[in-house]
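Just follow the structure's listing: the first ligand is 1, and inside any ligand the first atom is 1.
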Amino acid sequence: MTALVKKVMVIGLDAPIAKRVYMYAKRGDLPNIKRLLDEGVYAENCIVPFPTITPPNWTSIVTGARIGTHGIPSFNIHRPGDPLSKLYQAFDSSDCKAEYIWNAAERAGKKTILLNYPSTWPPTMKNGYQIGGYGLNINEWRINVPVGKIRISLADAQLFSTEPYPLANQIEFRRASEWRNLPEARNPLETELKLNYRNALYKVEDVTWHLLVLDDEDGKYDRIIVSKSRDAEDKLFELRVGEWTKNIVEEFKTEKGPVKAVFKCKLIELSEDAKKFRLYVSPICALSGWSYPESLAEEIWSDEGLPMPLSGAFRPLGLGWIDIETFKELIEFHNVWLADAASYLLKNKDWDLFFMHNHVPDSMYHFFATRMDPATAKSPDEAKFWQDVELSLYQSIDRMIGKIISAADKDTLIIIVSDHGAKATTKKFSIFKILRDKGFLAFKDGEDIDGALKRVPQIDWSRTKAFPCPPCCYIRINLKGRDPDGIVEPEDYEKVREEIINALYDYTDPETGKKPIRLALRREDARILGLYGDHVGDIVFAIGGDFMGQHGPHLPTDEWGIGSQKGLLIMKGPGIKRNYILKRTVELIDIVPTICYLMDLPIPRDAEGGIIYQALENPNFKIEETEKLRREYEELKRRYELLEQVIESESHLSHDRPAY
Ligand SMILES: [Zn+2]
């Protein structure tokens with residue numbers, strides 16, 4: 001009796017709007033996803049855990065455990081006993097109290113490949129392979145990094161330009177002199193390019209490149225040479241307008257010793273008179289430090305792709321450094337790298353389970369969901385423009401999926417899954433403001449908030465009874481004896497909680513007349529949402545889609561405009577129904593038990609979900625198989641009994657050997 005499924009591939013997409021992926025795929029724009037839909041099951045009501053946010057929900061997917069059980073409550077964690085405003089980012093695997101499926105599988109001798117799967121670093125496997133998990137992208141670190149910040153190994157993207165752009169390195173040209181091997185040109189110009197290391201994870205020694213700008217026989221500038229010294233033969237690359245370099249590998253001196261890193265550059269703009277010049281340098285991406293075993297990183301190579309943080313594409317677009325085509329190219333480099341890394345591991349390593357995560361949809365919706373949704377776009381043209389960008393990024397992801405699933409065989413179960421959805425930014429709303437206005441929270445003199453709340457103002461703890469835990473759905477009572485600055489007497493705890501819950505429900509947005517609060521619960525009651533334990537706030541609240549940003553404090557069922565918070569779940573493989581839309585509610589915690597059921601794997605210690613029976617062609621296949629085996633066993637047993645009787649009777653007939 002062998003397992004129905006021999007291997008499983010789980011490809012995670014962060015924050016796609018499931019119904020839009022379905023629509024694009026069905027109409028043929030995403031051929032690889034379409035094939036999975038045609039040959040598999042699409043779960044129309046995939047309900048993700050609340051809050052609709054990244055670290056807890058990816059953790060639920062791979063533990064099968066509810067948030068209260070695995071203990072990753074939101075994007076950030078408050079450690080009980082710490083000051084209420086002290087939080088850290090939830091990316092450290094040691095914060096997860098539930099067993100991961102790969103640790104359970106390891107007990108059965110199975111091997112797992114993890115690729116860029118959030119909140120799983122440091123690695124907990126002994127025999128598997130892991131790349132990333134300390135942030136949302138390769139070379140983007142969030143462990144031991146302040147809330148809301150990232151650190152990059154080695155450097156984020158940079159722009160060298162002759163005109164002022166925000167955060168760019170502005171340069172001026174002068175006539176080139178003292179160059180060796182200067183190419184033919186009428187009036188060559190030069191400057192130095194001093195690299196910067198914005199948001200660097202560790203210190204990198206200064207590097208200065210030398211740039212030559214060259215003109216043609218008509219005196220029109222049309223190409224550049226970038227060199228490590230004033231010797232054109234020592235060049236790193238040569239470019240004309242619109243061209244990318246190949247992937248360039250250089251060794252950088254850092255405080256951790258020499259580190260090899262890969263990057264590429266594009267000459268975005270060079271006017272004929274060289275007055276307008278823009279050179280984009282991609283994130284400088286370390287080629288080590290992000291794998292288990294540590295030497296694994298050295299094996300991974302991509303000719304075209306870059307192991308780059310997405311900040312290297314989205315920020316430059318937001319700052320006006322690059323055009324939309326360059327942006328799309330960068331997303332492709334990001335996705336190609338994930339596809340190449342996955343393909344290499346799947347084809348060259350011994351594996352049973354594969355889990356990966358791609359963060360592009362989340363970043364794109366934070367960037368342009370508001371401009372893409374006709375309900376919030378400035379014009380129909382604007383909505384159309386960004387929907388086209390949306391589609392082209394999904395097409396890039398679809399190509400990535402196609403390449404990865406080409407390593408699947410007929411015994412492989414393929415699952416496409418997400419952690420939550422997204423929507424446009426709607427009306428501003430601040431839980432701080434409600435608490436302040438109702439007297440539960442006080443700012444220090446001179447401090448105040450705007451509606452958007454980009455920064456939490458300084459709190460006057462001596463007058464603060466409750467503090468919300470940004471960016472999400474929790475409020476903590478400032479309790480004496482428990483919290484360092486506690487002022488609420490334990491006997492008043494219930495009263496204060498009740499007053500706050502009432503205040504939340506009472507609040508009406510003065511401009512729209514709408515109530516932002518969908519529900520507000522005591523922690524004990526939040527168990528119905530899978531939320532319990534010390535890391536969860538004393539009060540849990542959810543807000544409606546008419547308020548705030550893309551996702552987080554919104555319910556998993558929330559739909560607004562063309563957005564939706566529902567999860568994306570597609571399954572295809574042995575024993576799975578074909579071309580089937582599953583209407584029943586499926587939870588993300590159901591994925592692990594379903595995999596274990598189909599693969600005959602040990603159930604992870606803390607898994608709480610159930611098997612998605614209705615996705616199976618024959619939900620009773622195990623009972624039927626057991627019945628068949630039982631019948632065969634009974635039949636075999638009967639025959640042996642007969643045989644024994646025959647031997648017994650024969651032994652009485654024989655005088656050659658003694659009867660026992
Ligand atoms: Zn997410």
Side-chain angles (χ1 to χ4, degrees), residues 10-21 46-63 66-67 70 72-77 89-93 95-96 114-121 132-138 140-143 147-148 150 309-311 313-314 331 334-335 338 355-369 390 393-394 397 400 415-425 470-473 530 542-543 545 548-560 563-569 587-589 591:
V10 178
I11 300 174
L13 307 182
D14 203 295
I17 298 171
K19 60 187 179 183
R20 294 186 66 74
V21 173
C46 175
I47 302 303
V48 307
F50 176 80
T52 42
I53 209 156
T54 302
N57 293 6
W58 288 115
T59 304
S60 280
I61 290 169
V62 288
T63 58
R66 298 188 192 284
I67 289 176
H70 65 58
I72 309 289
S74 184
F75 203 90
N76 302 319
I77 297 181
Q89 302 196 63
F91 284 82
D92 193 319
S93 60
D95 284 317
C96 177
L114 278 185
L115 176 57
N116 195 39
Y117 200 94
S119 305
T120 59
W121 194 267
Y134 38 72
L136 299 168
N137 305 289
I138 308 298
E140 182 215 271
W141 296 78
R142 290 171 181 267
I143 297 173
V147 166
I150 56 169
L310 286 169
S311 58
F314 283 91
I331 298 298
H334 169 273
N335 292 340
L338 286 176
F355 291 87
M356 71 162 286
H357 157 270
N358 179 321
H359 204 67
V360 168
D362 184 87
S363 296
M364 81 178 179
Y365 286 135
H366 284 307
F367 193 85
F368 60 69
E390 177 200 34
L393 300 201
Y394 277 133
I397 289 171
M400 177 199 80
I415 298 177
I416 309 287
V417 67
S418 76
D419 56 340
H420 53 80
K423 68 166 185 73
T425 296
C472 238
C473 60
I543 66 165
M548 289 180 82
Q550 280 59 65
H551 59 87
H554 305 96
L555 289 172
T557 44
D558 208 280
E559 308 247 334
W560 197 94
S564 164
Q565 298 300 343
K566 280 186 184 166
L568 173 68
L569 180 62
E587 292 184 75
L588 293 186
I589 57 171
I591 293 169

If you check every N/O/S atom of Asp14, which is the one nearest the Zn ion (ligand 1)?
OD1
Of all heavy-atom pairs linking Ala542 and Leu555, the shortest is CB-CD2, 3.6 Å
With sequence neighbours left out, the residues meeting salt bridge (Lys or Arg N to Asp or Glu O under 4.0 Å) with Asp558 are Arg518
Taking N, O or S atoms only and a limit of 2.8 Å, check whether Asp362 reaches the Zn ion (ligand 1).
no
Would you call Cys46 and Lys566 a side-chain contact if the rule is heavy atoms closer than 4.5 Å?
no
Answer yes or no: is there an ion pair linking Glu559 with Lys19, defined by an N-O contact shorter than 4.0 Å?
yes
Is there an N/O/S atom in Thr54 at a distance below 2.8 Å from the Zn ion (ligand 1)?
yes
Here the vertex angle at the Zn ion (ligand 1) for OD2 of Asp419 and NE2 of His420, given to 10°, is 90°
